[in-house]
Each structure stands twice: as structure tokens, then as C-alpha cells.
Number of protein chains: 2
Amino acid sequence: MSVTIYDLAREAGVGIGTVSRCLNNHPSVSVETRAKVLEVVKRLSYQPHASAQRLASKKTNTISAIIPFFTNYFFIQVLQGVQDKAAEFGFDLILYGVNNTSQAEYYLRRSLHRGHVDGVMFFSMKLPESYVAKFQQIRLPLVLVDAYHPEFDSISVKNLEGATMATRHLLKLGHTNIAMINASLATEPARDRMEGYRIALEEAGIPFRNDRVFISEIGKQDGFNREAGRASMEELLGKNTGRDRVTAVFIASDVQAMGALEGAAELGVRVPDDLAIVSFDDIELAQHAQLTTMRQPMYEMGVLALEKLFARMKNPDGAPSLTTFLPSLIIRRSCGARIPTEQLV
Amino acid sequence: MSVTIYDLAREAGVGIGTVSRCLNNHPSVSVETRAKVLEVVKRLSYQPHASAQRLASKKTNTISAIIPFFTNYFFIQVLQGVQDKAAEFGFDLILYGVNNTSQAEYYLRRSLHRGHVDGVMFFSMKLPESYVAKFQQIRLPLVLVDAYHPEFDSISVKNLEGATMATRHLLKLGHTNIAMINASLATEPARDRMEGYRIALEEAGIPFRNDRVFISEIGKQDGFNREAGRASMEELLGKNTGRDRVTAVFIASDVQAMGALEGAAELGVRVPDDLAIVSFDDIELAQHAQLTTMRQPMYEMGVLALEKLFARMKNPDGAPSLTTFLPSLIIRRSCGARIPTEQLV
DNA sequence: TATATTTATGGAAGCGCTTCCATCTGTTCA
DNA sequence: TGAACAGATGGAAGCGCTTCCATAAATATA
């Protein structure tokens, strides 16, 4: 039916070993033989059989990425980095988009099948402990992105430092009554971002006040959503009277900030004039809504994730590495800072 | 090293054929034997070898999706549909995100390798003619999504009808001077959307006027971008004086509409009071910007794409099918229609 | 010239499965 | 009682490669 290396060998008058060597750019093939074989390859429009290659070579040239759909813009950006790098290395990328942890586990298991993939990337979720041993046992390279585990290569964002930078920015603009709108403290990012907020306040000599932190866990994603942001803002504004009223808010994520903006608008509170806002993530919407926010270098994280994965494939031993990215402050209108127009993105 | 069916066979005291039959749920295995084998499978924590299975069975249980990154929100939505359906069928999805046609061709070629994938989905781009014959020759199932070719199963959106619906909506709101902001007529969607606009006008007895169509091709994507939308809006508003001034615009895409909104705001033109807008696509931003727009059922398109692909795998012969989705009008604020609040999404 | 060394080549073995065919056992029915 | 058949099972062949080993040819070395 289809052309195999046996056909090539017969047609070119050489052995199958030679054909294989030609196809894989082995050095020990004479120039003439190589030319002859390649001519036949072209003439018969030979296509190697991927599965056979994989079985024989014990390499799949494939990696899988387990990534939550709900990360949305993060998803695309980081995937673009991953894909670009994968193409460069000639690897295929199996995408496992998931909506919950049990799906994620299913795909972790699947990725562990022998001869399936050469490496796995796990995004934005906590790695179930039961898989730690399995990956180590099979020695299947695993990289965690926007997540962390001491036993594996990880890439994460400095949430704490980012939050500190965000809060400092508000302080520098002269605000002293700064609230925070946060998501569930069950999540690590929420805890870290609150801690960063606290640190910035305290280094400015402003005491951290628990009643200045507004947390709503309604909706999905532990409160990292629009509705929760809106609810928190409404709660905040509901009691925002008197001399020490809040004039600025640090919000734990852009999506929450979007909801908060709606809530503020509804109640006639102008942003940034009445209330300055800085949030976190820099999703696409942030630009449109003119949110001042902390940008995560998503594309770069994708690229680095693959680089780590390949490095691990080459060198399976060696201590797990951790890289953290420092988010950068993107100044737009929501914080009320004066900005040169060319900086408006 | 790792456990193979030979190990299982030895351990269970049966032949490899029986083991294979057990693993594949073949009917002709006795209950006791099956139990015995499955016990060993569990005990040795056997994992089948994917490549070996593929080589022997001549099936990969994998499909590839070639999809432009720039489609952004469409990308995620449609992919979610694809992924959900793929999981249901137990298939893996190789993602080939591309930024241009030459990349797309590279991945088309790659997908054609024997034993690589069982089917291919090609999104939002014109299929290069040179690949038509290749896919037919290898009989590799191919489904086009948001694209069309007479020789392959296709799924597309009724751009013409959608544009007619959009324009009719503006007509119904009482507008008679309706302009259109379009992208390059080199693209089919742009042509279709203009034709739909024309039809709606003419059925209302309003002559189509070429000077009412504003096209900018600056930037990427044949003018389907923010900058081009903004430029067109500025051009439109620049000459929008006198008695028959334009009071409504149909814009060929949401991203262009986003730019157009910026341009209008800059020039002090209020939307919808001074100018009503209806656009096309319903990307995520559209909701936030309160754009009235024509929604494409993206998730459903993803699901259907996979269903078509599987149908084609089962039945390689049979005429190519074409399914077109009718976009639906999502009414938000930009068109100026009164809307019950609960309908505001 | 004889020997060692390098370069090029052929093809068997092996990767871990699926599947087919042959065989064996037990059951059914006249 | 024996023929006919269905149900289980073992294992060889085959999927299409890579790789290793043996060998042949060409070249260098003494």
C-alpha cells in the first residue's frame, strides 16, 4: 500500500539500514548513495511512519500540556509561547484543556502511558500529591507553570512582590486609605497578594486593617471572577463614608476589577477620580478597560516552560529548578496617575 | 524494564493473545481468565505502550487542529468544544497554533505523515489548493471550520445572512442612513458581510451607496483589527455632515468596532446616541464594550467539527457535507435599542 | 607486501502491540 | 455414539521503523 523503507531500499538498490541512515542524516553514508536514496524518496513521495519511528526509537517527539480553559487569555498567551518553542524543536503539542481537577488527573494518568509523550506541562493548578511518585518513578519530565512543587521544575510569578509593587504605586500617588479586594484565601495567589499588600502598607507606616480587605467567594474560581469583584466593591462602597474613607483599592485580579468597575459605575463612583484602582494579571480586557495592573509575562513563561522541559529531557537528574517572574506595573488610567500619552497602551 | 504483555502473559499463565484480548474487551475470553489477567495487570501496574498499539492497530486516536492564534477568543471557545468532544471519544488533540499561512502549510504536511493523526481540522483559513489532492489521495479525513472547500466537510457561518440581520436591526430602529465599516474585500467574510448589508438596505428600498462603505486595510488581518476600525470611523466622521448624515454603522467585526468606538469617543461622538453600532462575532470584549453584535456559536462549531471528523472516519466515502450556522443577534447598548435589563449580558 | 584502520553498507533483531489461524475442549443434536 | 459446531486459547506473523553487528571495500601505516 504505502511506501516503506523496504520499497525505498529495493528501488535504490541499497539496504534498509542505509536508507534509514540517509533519512536520519547519519554521517557514515557516502554522498552518492545519499543522493540516490533521496531521489527515490522524492520520486515515491515517501512519508515516514510516525508510530513505527516512535516504537523503534523510543521517542515520541510529543509533549502534553494540561491547562485550565478558564485561564482564558493566559491560556492563549502562554500557549503561543509553548507552541512557538515546540515548533522550533520539532515537537508536537497535545493539548489537554480541562475545567476541573478530576479532568486534570485523568490527563495526568494518560500522559503517563508509556510511549505517549516525552514530557508534560501542568498549568495553574495544584499538582495532586499522588502523582509525584508516579512521575518520578517513570522519570517522565514534568514542568509546573504558574504553580509550584519542590520536586519538579517550576515557573511561577512573584505574587507577593507584585502586590507590593502595586500597593506602593498607590501609596506613591498619595493614597493612604487603601483597601484590597481579594479572592478566597484558600488559594496561594490570594494569600501572597494579600501579604504583599500588607508589606507595602507597613513599610509606609500604615497599619494593615482586616476590615479593609474585602473577600467574596461567590461564583467560580474561588472568587477570581467578575461577580465576586462586583460584590466586594459594593460592600466596600456601602460603608465608605467619613473622614478616613478609602480612596484607592488594590484588586487581586483583572477579572475582579472588571466587576468592581461595574459596581462602582452603578453607584456613581468615578474611577479614578473618586477611587483609584490597581489590579493584577493584565489580561486583554485590562487594556480596553484602561486598568492599571501588574503584568505577568505569559508568552515568556510559555517559552521558558518548554526550555525547562527540554533541559530536563537531556538531563533527567539534577535538582529541580524554580524560576519566578517579577510582574511589571502597567500604568493606565484606573490609578489616576498622569501618564505620557505614548505610554498608553 | 517496563511491563509488557509478555510479562503479563507469563505471570497470569496465559498466552499473549489472551492478554491482548482481555485488554481490548474482546468477547471470547472466559470470565475467570479475564479476572486473572486483570488482576495481574493491576498488580504489575501495567501501562500499554501507545506507539506499539498504534503501529499494530494502524490507528492513532489522535487528531490535529490547525488554528490561527489571532482568532483569540474564537480560538478558545471553539477549542473547548473540540476538546470536550475529543475527550468523549478518547482522542488526543494535537494543537498547531499558527500565525501565518506558511506555518499552516508546514503543519498540513506534518499531519499528512503516515501514522501521525487520524484526522485534521483546519480553521479560519483558506485551504491551499495543493493540499486538496494530497488529502484525498491518502484519504485522511479533513474538516474545515469557519472555512469552506467543496471537496471537504465544512462548517461555516452565514456571513451574508448575519449581515442582513444586523442591518435589518438598524433599519428597524428607524435608521435610514446606515454606513458600513468593512475589511479587505479580498477576504470572503468581508465580501459576504457587505453583500448582506446591501441586501437588507435594498429590501428596505434604500439604495446601496459605495461611498457609505469605509474600508481600511491598515494593520494585520486584512483590516480586521482595531486600528483599521478606528481609521475607518475617523474617515466616516470626517465627512459626516449635512442633512443625510449617517446615524448608524454596521461594522464587519467586533475588533474593528472596538477601534471605531475609540475613534468616535475621541471626536466626541456618542454611541449610541449620535451613532448606533452593530458589529459581528461576539468576542469576549463585545460584552464588556456593550456591543450589539452577531454571535457565532463557537463552542457548537467545535463540537460539530469533531462529529463530522468522526463521521468521516467511519465512512470515508460519501459526499462532503456543508453545515452553516446562522449567527444570532445579541442586543446590547451600542445599537441604542431599548432592552429589558435581564437581557443584558 | 602485509597489516591495521577507517568508511560504507547489508540486514537481522528488536521495539510492544494486534490479529489471524490452528488447535483444543466441551456442548448440542440427531 | 458420533458429527457438527461454538467457545477459549496459544502463539506466529506482521506493523515499519532504528540500531547494532558483521562484513566488505578503501585507505593508511609499517
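Proteins get letters first, then strands, A, B, ... in listed order; numbering begins at 1 in each.
Going from atom CG of B:Asn24 over to atom P of C:dG16 covers 17 Å, rounded to whole Å. Taking atom OH of residue B:Tyr6 and atom P of nucleotide D:dA13, one finds them 11 Å apart after rounding to whole Å. Nucleotide C:dT9 holds its C1' atom 14 Å from the CD1 atom of A:Ile5, rounded to whole Å. Across the protein-nucleic acid pair, A:Leu8 atom CG and D:dC17 atom P stand 8 Å apart, rounded to whole Å. Atom NE2 in A:His26 sits about 8 Å away from atom C1' in D:dT19, given to the nearest Å. We find that CZ of A:Arg21 is positioned 8 Å from P of C:dT9, with the value rounded to whole Å. In this structure, the CD1 atom of B:Ile16 is 16 Å from the P atom of C:dC21, given to the nearest Å.
Nucleic acid contact for B:Ser30: sugar-phosphate only, since backbone atoms but no base atoms lie under 4.0 Å from a heavy atom of the residue. Among the protein residues, A:Ser20 comes within range of the nucleic acid bases, having at least one heavy atom under 4.0 Å from a base atom.
Taking every side-chain heavy atom of A:Val29 into account, C:dT9 is the closest of C:dT9, D:dC17, C:dC17. Side chain of A:Thr4, nearest nucleotide from D:dC17, D:dT9, C:dT18: D:dC17.
For B:Arg312 and B:Asp317, the salt-bridge test fails: no basic side-chain N is under 4.0 Å from an acidic carboxylate O. Taking a cutoff of 4.0 Å between a charged side-chain nitrogen and a carboxylate oxygen, B:Lys85 and B:Glu88 qualify as a salt bridge. The residues A:Arg43 and A:Glu11 are annotated as salt-bridged, a charged nitrogen and a carboxylate oxygen being separated by less than 4.0 angstrom.
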**Asked** Given the rule in the side-chain contact (heavy atoms from CB on, under 4.5 Å) test, do B:Leu304 and B:Thr323 qualify, once you have shown the distances and angles that lead to the verdict?
**Response** CA-CA 9 Å; B:Leu304 182 66; B:Thr323 306; 3.6 Å; yes
**Request:** Would you please test A:Phe310 and A:Phe91 for ring pair (Phe, Tyr, Trp, His ring centres under 6.0 Å) and show each step?
**Result:** CA-CA 10 Å; A:Phe310 286 122; A:Phe91 269 63; 4.7 Å; yes
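Aromatic ring centroids of B:Phe75 and B:Phe123 lie 6.0 Å or more apart.
Remark: A:Leu55, A:Ala56, A:Lys58 in residues 34-63 of chain A come within less than 4.0 Å of DNA chain C through at least one heavy atom.
Within the 4.0 Å cut-off from OP1 or OP2 of C:dT9, at least one side-chain nitrogen or oxygen of A:Thr33 is found.
Comparing B:Arg114 and B:Glu32 by the nucleotide of DNA chain D that holds the closest heavy atom to each, the one mapping nearer the 5' end is B:Glu32.
Distance check: A:Ile66 CD1 to A:Leu127 CG gives 9.0 Å after rounding to the nearest 0.5 Å.
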